[in-house]
Amino acid sequence: LALNEADILLGTENGLELEREVTRAEAVTLIQRTTQAERKAYTCDFADVADSHWAYSYIGWATETKIVRGVGDNKFEPDRTVTAKELAMMLLNAQGENVEFDKAFEVASQKGLVEAQDGISEDDILSRDAVAKMIYNYYTK
């Protein structure tokens, strides 16, 4: 609810949909909303992200600020679901941490971005509820 009140986790016509899985595009959007980043029109050059994609500017911001990279072959896969390890890496990058991907979840756990009571494992596909927990921990640390 705190993320909703801060205009970070917005609802849809169906409410907060906390059980719904989160895409890579949604993950970078949530991260940008936690920052004081200037809301300018960013661009990106991924073959699978048209300039008409709803998250085009968010993806551009996240790649320009090195929070996330593409997945290879000039692709971003904006509609693919995000794993806990991927979100951990994005959040650590947003904090300016230099961590290898295979250690991202472990480091994020040590930094309190993932807490044991959240019941999240590194390979989990994340629901909006799980993402909200990790984003909240990032936002309040």
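These numbers come from a predicted model, not from an experiment. The residues of the chain are indexed from 1 along the displayed sequence.
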Kindly give the heavy-atom pair with the smallest separation between [X] and [Y], and that separation in Å.
| X | Y | result |
| --- | --- | --- |
| Gly60 | Cys44 | CA-CB, 3.8 Å |
| Asp51 | Tyr56 | CA-CD1, 3.4 Å |
| Leu92 | Ala104 | CD1-O, 3.4 Å |
| Asp123 | Thr83 | O-CG2, 4.2 Å |
| Thr34 | Ile31 | OG1-O, 2.6 Å |

Measure the spacing between [atom1] of [X] and [atom2] of [Y] and express it to the nearest 0.5 Å.
| X | Y | atom1 | atom2 | result |
| --- | --- | --- | --- | --- |
| Gln95 | Ile67 | CD | CD1 | 10.5 Å |
| Arg20 | Arg128 | CZ | CZ | 5.0 Å |
| Met134 | Phe105 | CE | CZ | 6.0 Å |
| Ser127 | Ile120 | OG | CD1 | 7.5 Å |
| Tyr138 | Leu30 | OH | CG | 11.5 Å |
| Asp118 | Leu126 | CG | CG | 10.5 Å |

Handout entry: Ile59 with Met90, same ILVMFWY side-chain cluster at under 4.5 Å
Key =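 Same cluster.
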Practice task
Check whether Val114 and Met89 end up in the same hydrophobic cluster, where Ile, Leu, Val, Met, Phe, Trp and Tyr are linked by side-chain heavy atoms less than 4.5 Å apart.
Solution key: no
Practice task
Answer yes or no: is there a side-chain heavy-atom contact under 4.5 Å between Glu97 and Leu91?
Solution key: no
Problem - Contact check, side chains of Ile125 and Val82, non-hydrogen atoms, under 4.5 Å - result: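 Side-chain contact under 4.5 Å: no.
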Practice task
Give me the ring orientation class for Tyr42 and Trp61: parallel if the planes are under 30° apart, tilted from 30 to 60°, perpendicular past 60°.
Solution key: perpendicular
Answer yes or no: are there more than 12 heavy-atom neighbours, outside [X] itself, under 6.0 Å from its atom [atom1]?
| X | atom1 | answer |
| --- | --- | --- |
| Asn74 | CG | yes |
| Asp73 | CG | no |
| Gln110 | CD | yes |

Handout entry: Expected output: side-chain Asp48 to main-chain Lys75 donor-acceptor under 3.5 Å
Key = no
Exercise for the section: Indicate yes or no for a side-chain donor-acceptor contact from Tyr58 to the backbone of Glu26 under 3.5 Å, with no hydrogens or angles considered. Expected result: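 Between the backbone of Glu26 and the side chain of Tyr58 there is no qualifying donor-acceptor contact (under 3.5 Å).
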Practice task
Would you mind checking if Arg80 and Glu86 are paired as a salt bridge, meaning a charged N to carboxylate O distance below 4.0 Å?
Solution key: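 The answer is yes: the pair qualifies as a salt bridge.
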Exercise for the section: Test salt bridge (charged side-chain N to carboxylate O under 4.0 Å, His left out) on Lys133 and Glu115 and set out the steps. Expected result: CA-CA 9 Å; Lys133 289 174 182 173; Glu115 298 178 345; over 6 Å; no
